[in-house]
Every structure is written in C-alpha cells, then in structure tokens.
Amino acid sequence: MKVLLVNGSPNKTGCTFTALSVIAETLKEEGVELPEQEKNRVATNFIR
C-alpha cells in the first residue's frame, strides 16, 4: 500500500506538519510506503 500525505497549511512547520510527521512515522513502522520525492513539493498554483 502507498500513502500520500498532503499538508495544505500555509504554515510549513505548524500543527498540521507535526501531526502528519507523527502519522508518517507510524505508517513507516507498519511497512507502508510513502513517496519520498513528494515530501517537500509545494503546490502554489491550486489555491489563490
């Protein structure tokens, strides 16, 4: 199984980032694959 976590918050290291980081670590421990190349991608053209 693969999981993509998306942080839609404008604050790059806020509460959503912290929560997603905990979820990501738990998923990795359970053997779930997370696409690393997407980790730091920023989508700027979707919401204005």
Subject >> Set of side chain to side chain contact (heavy atoms under 4.5 Å, CB included) partners for Thr13, sequence neighbours left out >> reply: Asn11, Phe17
**OP:** Tell me, please, which residues at least two apart from Ala24 pass side chain to side chain contact (heavy atoms under 4.5 Å, CB included).
**Re:** Leu5, Leu34
Original post:
To the nearest 0.5 Å, how far apart are CG in Leu27 and CD in Glu29?
Top reply: 9.5 Å
**OP:** Is it possible for you to say whether Val22 and Val32 belong to one hydrophobic cluster, with membership spreading through side-chain heavy-atom contacts below 4.5 Å?
**Re:** no
